[in-house]
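First the structure, in the form of structure tokens, and then the observations on it.
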Amino acid sequence: MSINRPKGTQDIVPGNVERWHYLEDEIRKICSDYGYQEIRTPIFEATELFQRGVGETTDIVNKEMYTFEDKGKRSITLRPEGTASVCRAYVENKLYAQPQPMKLYYLGPMFRYENTQAGRFRQFHQFGVEVLGGDAPLVDAEVIHLIWEFYRRIGINNIKVHINSVGCSECRGEHRERLQEFLRDKKSDLCSDCQVRFEKNPMRILDCKNTSCQEIVANAPTTLDTLCEDCAQHFTKLQQLLSLAEIDYHINPKMVRGLDYYQKTAFEVIAEGIGAQSAICGGGRYDGLVEEIGGPTTPGIGFAMGIERILAVLENQQKDSEEETKRGVVVAALGDLAQQEGFKLASELRKAGISTVMDLMGRGLKSQMKFADRQGARYVLIIGEEELTKNIIIVRDMSLGDQTEITRDKIINFLSDKLTNSELLL
RNA sequence: GUGGAUGUGGCGAAGUGGUUAACGCACCGGAUUGUGGCUCCGGCACUCGGGGGUUCAAGUCCCCUCAUUCACCCCA
């Protein structure tokens, strides 16, 4: 019996990893463009951090955490999301003492113990942004604009940006009462989950996927109906700014996200064609969170997007692949002596910045040519006994199909002149 | 956690109880001397996911198990 990778994990192998590199590069670039700095926090944290930070009533904490006890009897959890850790690090490193707001981003693996399906893994990767120490709608707008611009840059177009305001601790209370009032006589018709939610977190009944619950809740008071003066202004201002930035957003009063810490602004980006798990980005404002985990009162807002889901979207909308261009050099050597010379030549070429590969299997010339072709090499440098004695090298142009002889001492210059920068990279 | 689907070589995929398990792609080798992409030839399943059972006979039927996958809940 061979050993397989754990359920819900994946190996990212050559031929695929390049897409990750591309996204990672774009992520770093856009964060730099918007003035966000990277923060790296541990992959595992004290379990309590997530219990307090993410919220005891959430699915993440209730059933999706990878929790274990370490040898010191500490309860440890593989991070299921990034926000709690970033806030913890913000407090622990006293980043609040630096100029505010603190604009941070992270990129890395997250872990959630749940059944897998299209777009859902046990180890998956998120790119996320957190802004701590700024409570203005302008901050919300900048964060959403970063998302919008990011998708534009990587060529994702069929997306919908949903926004909502779930209110703050003050207006949330009023909403809760009005909603419970509205639902009281209909309670028995709700699904079993929602009957529990009725007491614990009635707001979440609003976005229950159960169709009968949706009907019941169709005319229920939303959080937008009960926003306090402050929250209402914040939301209005945000909409103005988004319009100004020409972001095509949709207000969805029923969108209530599953994490306890959201206040005021909540948003989600939905893509098409990647299966049932269509949210490629989710986030919101969490003004009480830093305080909750023991820090100073600090407003915050952030989002996380799933790398795997972005890749799925890109793959889904990908047009016919672009024809690959010939790049780099392959050294084909025949026999022991020539192989030594080839090895030396390859070292020199690489030192000169020319991407070079040589056969390591001692194959015949025909095989080496085939190998060079597969590698997509632009030139093959052929060295055999004859060339060795004559002190020359055969340079074969793989796209033109012709070849010339170049003396050994001129070969580096010859290739440097011939190859453009893009052709040097394999 | 719950439900459906599927498990045959590296990948895709025939096979619907009976001799040595098709085929395609990939990979490796060859087609007279040291030359690629086309063509031709050859090589590549000692566990047909694993275990048990039915049968003279099972990849093909039954049971169990594991895995993968899609979906629900929820989310990235």
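Naming convention: chains lettered A, B, ... in sequence-line order (proteins, then strands); numbering from 1 in each chain.
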Polar-atom pairs under 3.5 Å, protein N or O versus N or O of nucleotides 1-8 of chain B: list them with distances, or write none.
{"from": "B:G1", "atom 1": "N7", "to": "A:N115", "atom 2": "ND2", "distance (Å)": "3.4"}
{"from": "B:U2", "atom 1": "O4", "to": "A:N115", "atom 2": "ND2", "distance (Å)": "2.5"}

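Counting only N and O atoms by type, the side chains of A:Y379 and A:Q403 include no donor and acceptor under 3.5 Å apart. Checked by atom type, the side-chain pair A:T67/A:T77 shows a donor-acceptor distance below 3.5 Å. Side-chain contact, A:Q123 with A:T9: no donor N or O sits under 3.5 Å from an acceptor N or O. Between the side chains of A:Y286 and A:E130, at least one donor-acceptor pair of N or O atoms lies under 3.5 Å.
Following rounding to the nearest Å, A:Y262 (OH) and B:C74 (C1') show an atom-to-atom distance of 14 Å. Protein atom CZ of A:R378 is 15 Å distant from nucleotide atom C1' of B:G37, rounded to whole Å. To the nearest angstrom, P of B:C74 lies 14 Å from CD1 of A:I270. Going from atom CZ of A:F371 over to atom C1' of B:G37 covers 15 Å, rounded to whole Å. Distance CG (A:N4) to P (B:G49): 14 Å, rounded to an integer number of Å. The distance between atom CZ of A:R396 and atom P of B:U35, rounded to the nearest whole Å, is 10 Å. Rounded to a whole Å, the CD atom of A:E386 is 9 Å from the C1' atom of B:G34. For A:Q368 and B:G37, the CD to P distance is 15 Å, given to the nearest whole Å.
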Secondary-structure string, 5' to 3', Watson-Crick or G-U under 3.5 Å, | for another-strand partners, for RNA chain B: ((((((((.[[[..)..(....]]].(((((.......))))).....[[[[[..)....]]]]])))))))....
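Results of the salt bridge (charged side-chain N to carboxylate O under 4.0 Å, His left out) test with A:E45 over A:R88, A:R79, A:R52 single out A:R88 as the only residue that passes. The side chain to side chain donor-acceptor pair (under 3.5 Å) test with A:Y34 singles out one residue from A:K29, A:H145, A:K103, and that residue is A:H145. When A:L415, A:V331, A:L381 are each tested for a side chain to side chain contact (heavy atoms under 4.5 Å, CB included) with A:T356, only one passes: A:V331.
Across the P atoms, B:U19 and B:U60 are found 14 Å apart, a figure rounded to whole Å. The P atoms of B:G37 and B:C27 are separated by 11 Å, rounded to the nearest whole Å. Rounded to whole Å, the P atom of B:C72 lies 46 Å from the corresponding atom of B:A57. Spacing of C1' atoms, B:G15 relative to B:C74, comes out at 42 Å, to the nearest Å. When the C1' atom is used for both B:G17 and B:C48, the distance is 15 Å, rounded to whole Å. Using C1' as the reference atom, B:C62 and B:A71 are 28 Å apart when rounded to the nearest Å. Atom P of B:G49 sits at a distance of 14 Å from the matching atom of B:A13, rounded to the whole Å. B:G52 and B:C44 have their P atoms separated by 29 Å, with the value rounded to a whole Å.
In this structure, A:K264 forms no cation-pi arrangement with A:Y262, as its terminal cationic atom is not both closer than 6.0 Å to the ring centre and no more than 45° off the ring axis. A:Y66 does not carry A:R112 over the face of its six-membered ring by the limits of under 6.0 Å from the centre and within 45° of the normal.
A:A304 comes within 4.0 angstrom of sugar-phosphate atoms only, judged by non-hydrogen atoms across all strands, and of no base. Here A:G119 lies in heavy-atom contact (under 4.0 Å) with a base. Nucleic acid contact class of A:T116 (heavy atoms, under 4.0 Å, all strands): base. Residue contacts shown for A:G364 are absent, as no nucleic acid heavy atom lies under 4.0 Å away. Using a 4.0 Å heavy-atom cutoff across all strands shown, A:I394 reaches at least one base atom of the nucleic acid.
Between A:F127 and A:F303, the ring-plane angle classifies as perpendicular under the 30° and 60° cut-offs.
The listed nucleotides are B:A71, B:U35, B:C74; the one nearest the side chain of A:K366 is B:U35.
With its ring centre under 5.5 Å from that of the base six-membered ring and a plane angle below 30°, A:F124 counts as stacked on B:A76.
Residues A:I307 and A:L107 have side chains in contact (heavy-atom distance under 4.5 Å, counting atoms from C-beta outward).
On a pure distance criterion of 3.5 Å, no polar donor-acceptor pair joins the side chain of A:E64 and the base of B:C74.
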